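Heads up, the thing below is written out as structure tokens.
As the structure is a computational prediction, the values presented were derived from the model and not from experiment.
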Amino acid sequence: IQRHLADLEKLADLKEGEFTLAVSQNRDLPVTDERKPCPLCPEEKFKACYSHKLHRHLQNLHWKVSVEFEGYRMCICHLPCRPVKPNLVGDQTFSKMGAHYHCIICSATITRRTDMIGHINRHVNKGETESRFITVPTPKTSREVLKESATDVQVLPNYSTPQKTDSYFNPKMKLNRQLIFCALAVLAEERKPIECLDAFGATGIMGLQWAKHLRSSVKVTINDCNENSVTMIQENCHLNKMKVKLNTKEEDNDEAMGDGEENTDTIEVTKMDANVIMHLRSFDFIHLDPFGTSVNYLDSAFRNVRNLGIVSLTSTDISSLYAKAQHVALRHYGCNIVRTEYYKELAARIVIAAVTRAAARCNKGIEVLLAVALEHFVLVVVRVLRGPSPADDSAKKIRYLIHCQWCEERIFQKEGNMVEENPYQQLPCDCHGSMPGKTAVVLGPLWSGALFNTGFLRRMLFEAAQYGLDEAQPLLKTLVCEAECTTSKHFSTHSPYDENKQEECGVFTGIFCCPGKRKSDEVIRNAAKRQKTENSAEHPAFYYNIHRHSIKGMNMPKLNKFLCYLSEAGYRVSRTHFDPMGVRTNAPLAQFKTILMKYSTPTYAGGQAEGPVHLAEDLQAGEQVQPAADGKAEDSQCNQWFNQTTTLYR
């Protein structure tokens, strides 16, 4: 195991750079009488030879087929380090030399190069990157300092690749971190102080932002099971001039404070499994962001979370949630799914259904405050309602979905345990009657309730504007319009804290703002039920993609104009963050297509302005096309149409 080829040549007593200098000067290497053996091959395999042959042997046989790890090369070895079973041929015994590699991390010997690479990768995935068999000190890796939302964090090389670093930091998840911060800021306005947990700290960037901006309103705990990550989190805390409390023992870092500043902000850093810390302690706010699915940590999260607290989770296993690996979705979430036009919203409802079941097992219900599904992640934020009655109400909202594969129509199954003779009758479309075979599939179980809380989103938007989170503000505005099912033209910017005492999640805000006028549990429960029933009844489920339902040979109207046409027809309509060309509306799919057809123009009429197609209306009004007196008028009309088509074709 060496860093450079020259180090390997020193083991064979070769002069450093002698062979390379001779090749560059285009001269022969002086042949000496001294023959030297190979340090990595036995005498039976490679006999002692002159320096120039030994150099070629080391370079071609050992160095070129080595395995590289953090600047070191694990060269192939032919010495009898690895016991090899002898081959018996008749009465003779032949011993076969076994070529192998020595692992730089552990004492294992691996025969094949591909197996050695996989062996090293398994060490890296477990967080075992410290070499045990190198006496030469490894040079300290350079650390890069990144800044996000006025918070500095130092990261290791390859910080954006989870397999190559202990402390993973993804710059693309900045929007995700801002949304979670806004949700925590809203909760901090309700009650102070609150105990919040970042269960998977990595670099500690999220917990540092909480403590740096919210200060005394929150008591932050950052946890990670990796020792290197815990060390990195402590260093980042000192970098941001914050005290660290590790395992109930406070570390005073006067040197890291600097300039005589006094900072009372203290962050608790723990090293344990996420399930363990959530079982041992209670929190008001818990965020789960594991690498992949988070279903393994839901039971622990809802076990000790306080009443009216918030649980947020980020799922990055988008291959299974977005129906690319359907068998994995069935294994992790227990859901049958197919690829649909609304697959992102389907993914959000799958995650919420898993959250609801986990909360119900702990006799807790949930209220969905926010559900976002973007390219890299699915974020779900829920409020916890303690008690068996909220748990039953939440569990009843988990239903199966009937999806037509011909026209993309969908509808949730009705409540009840009775088996229907023809489930296709629940679908508004008639594809089953007009098409042969089975046209629909059953998906789920899924969450059938509302995905947003308008009052909570408005308060998040207010907090995003207050703390200058520019990337989160456009998305939050879209979410508010989607929650209210209105277009951006009708978006109002009034202060949310005046209105949300009646709107947002029942009367929970009034409880904490007015502790002297605490209402009874029965009044709170009834108000929450009434509010949630109204929201779920008003908010339309799913959306339609305007391109998916466009008519061939017709030019569609602009999306904003089409939203106005649907609104003029008396339907609620809005855009959706799940799909840039998606339309969320309570209009049936048949009426959606009718309005789209009405305001589409033929493709060949390129210069015609957008507007309704009046041909069908004229025929319905009783106007009849008069036949031509002779064939000349008809021929002239056909020729005119042919000339227009020919001109367009040219």
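Applying the side chain to side chain donor-acceptor pair (under 3.5 Å) test to Arg73 and every residue at least two apart in sequence or in another chain returns Ser66. Residues passing the side chain to side chain contact (heavy atoms under 4.5 Å, CB included) test with Asp273 are Asn275, Val276, sequence neighbours excluded. In this structure Glu341 satisfies the side chain to side chain donor-acceptor pair (under 3.5 Å) test together with Arg410, His549, sequence neighbours excluded. For Glu148, the salt bridge (charged side-chain N to carboxylate O under 4.0 Å, His left out) partners are Arg177, not counting sequence neighbours. Ala325 meets the side chain to side chain contact (heavy atoms under 4.5 Å, CB included) test with His327, Val328; sequence neighbours excluded. Ser312 is linked by a side chain to side chain donor-acceptor pair (under 3.5 Å) to His287, counting only residues two or more places apart in sequence or in another chain. Considering only residues two or more places apart in sequence or on other chains, Lys172 meets the salt bridge (charged side-chain N to carboxylate O under 4.0 Å, His left out) condition with none of them. With sequence neighbours left out, the side chain to side chain donor-acceptor pair (under 3.5 Å) criterion links Asn236 to no other residue. Residues satisfying the salt bridge (charged side-chain N to carboxylate O under 4.0 Å, His left out) criterion with Asp284, sequence neighbours excluded, are Arg191, Arg306. Under the side chain to side chain contact (heavy atoms under 4.5 Å, CB included) criterion, Ile117 pairs with Val67, Arg113, Asn121, sequence neighbours left out. Applying the side chain to side chain contact (heavy atoms under 4.5 Å, CB included) criterion to Arg122, with sequence neighbours excluded, gives His119.
Here the NE2-CG distance, from His213 to Leu208, works out to 10.0 Å after rounding to the nearest 0.5 Å. With values rounded to the nearest 0.5 angstrom, Leu214 atom CG is found 9.0 Å from Lys192 atom NZ. Between Asn176 atom CG and Glu471 atom CD the span is 11.5 Å, to the nearest 0.5 Å.
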**OP:** With side chain to side chain contact (heavy atoms under 4.5 Å, CB included) as the test, would you mind laying out the steps for Cys237 and Lys243 before giving the verdict?
**Re:** CA-CA 7 Å; Cys237 291; Lys243 294 182 180 181; over 6 Å; no

**OP:** Could you give me the CA-CA distance, side-chain angles and deciding distance for Glu484 and Arg458, then say whether salt bridge (Lys or Arg N to Asp or Glu O under 4.0 Å) is met?
**Re:** CA-CA 11 Å; Glu484 296 178 347; Arg458 285 188 174 275; 2.8 Å; yes

**OP:** Just do the side chain to side chain contact (heavy atoms under 4.5 Å, CB included) check on Cys182 and Leu469 with the steps written out, would you?
**Re:** CA-CA 9 Å; Cys182 293; Leu469 306 179; 3.6 Å; yes

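Nearest heavy atom pair, residue Val218 against residue Ala211, reads CG2-CA, 4.4 Å. Here the closest heavy-atom approach between residue Tyr543 and residue Gly582 is recorded as CD1-CA, 4.1 Å. Counting all heavy atoms, side chain and backbone alike, Trp63 lies closest to Gln2 at CH2-O, 4.2 Å. Between Cys103 and Ile120, the closest heavy-atom pair is SG-CD1, 3.9 Å. Between Leu288 and Ala199 the shortest heavy-atom distance is CD2-CB, 3.8 Å. Here the closest non-hydrogen pair linking Glu375 and Ile318 is O-CD1, 3.2 Å.
Counting heavy atoms from C-beta on, the side chains of His577 and Leu479 come closer than 4.5 Å. Looking only at side-chain heavy atoms (C-beta outward), Lys364 and Leu385 stay at 4.5 Å or farther from each other. Annotation: side chain of Val124 is in contact with side chain of Phe69 (closest heavy-atom distance under 4.5 Å). Between Leu369 and Met460, the closest side-chain pair of non-hydrogen atoms is not below 4.5 Å. The shortest distance between side-chain heavy atoms of Ile1 and Cys75 does not fall below 4.5 Å. Here the side chains of Ile286 and Cys196 are not in contact, with every heavy-atom distance at 4.5 Å or above. For the pair Leu475 and Leu179, the minimum side-chain heavy-atom distance is below 4.5 Å. Using a 4.5 Å heavy-atom threshold, the side chains of Pro445 and Cys335 count as touching.
In terms of modelled atom types and a separation under 3.5 Å, the side chain of Ser394 and the main chain of Ile366 share a donor-acceptor contact. Checking side-chain atoms of Arg339 against main-chain N and O of Tyr322 turns up a donor-acceptor pair under 3.5 Å. A donor-acceptor pair under 3.5 Å is formed between the side chain of His62 and the backbone N or O of Ile76. At least one donor-acceptor pair closer than 3.5 Å links the side chain of Thr151 to the backbone N or O of Ser149. Of the possible donor and acceptor atoms, none in the side chain of Asp198 sits under 3.5 Å from a partner among the backbone N and O of Met206. A donor-acceptor pair under 3.5 Å is formed between the side chain of Ser282 and the backbone N or O of Asn304. Lys212 contributes no side-chain N or O that, together with a main-chain N or O of Asn240, makes up a donor-acceptor pair within less than 3.5 Å.
In this structure, the ring of Phe578 has its center no less than 6.0 angstrom from the ring center of Tyr342.
Side-chain N/O atoms of Asn545 and Asp579 include a donor and acceptor closer than 3.5 Å. Residues Ser320 and Asp317 bring a donor and an acceptor atom of their side chains to less than 3.5 Å of each other. Between the side chains of Glu235 and Gln154, a donor-acceptor pair is found at a separation under 3.5 Å. Neither side chain, Asn223 nor Lys271, offers a donor N or O lying under 3.5 Å from an acceptor on the other. Ser574 and Glu482 share no donor-acceptor pair across their side chains, judged by distance under 3.5 Å alone. Donor-acceptor pairing under 3.5 Å is recorded for the side chains of Ser300 and His279.
Surrounding CZ of Arg112 are at most 12 heavy atoms belonging to other residues, nucleotides or ligands under 6.0 Å away. Heavy-atom contacts from other residues, nucleotides or ligands closer than 6.0 Å to CD of Glu68 number more than 12.
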Let me have the donor-acceptor pairs involving side chains of residues 344-361, under 3.5 Å, with sequence neighbours excluded, atom names and distances please.
unit_1	atom_1	unit_2	atom_2	d
Glu345	OE1	Arg584	NH2	2.9
Glu345	OE2	Arg349	NE	3.3
Glu345	OE2	Arg349	NH2	3.0
Glu345	OE2	Phe542	N	3.1
Glu345	OE2	Arg584	NH1	3.4
Arg349	NH1	Trp447	O	2.7
Arg349	NH1	Gly449	O	3.0
Thr356	OG1	Ile352	O	2.7
Arg357	NH2	Tyr333	O	3.0
Arg361	NE	Asp299	OD1	3.2
Arg361	NH2	Asp299	OD1	2.9

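For the pair Arg459 and Phe462, the cation does not sit on the ring face, since its NZ or CZ is not both under 6.0 Å from the ring centre and inside 45° of the axis.
Glu190 and Arg383 are joined by a salt bridge, as a carboxylate oxygen and a charged side-chain nitrogen come within less than 4.0 angstrom of each other.
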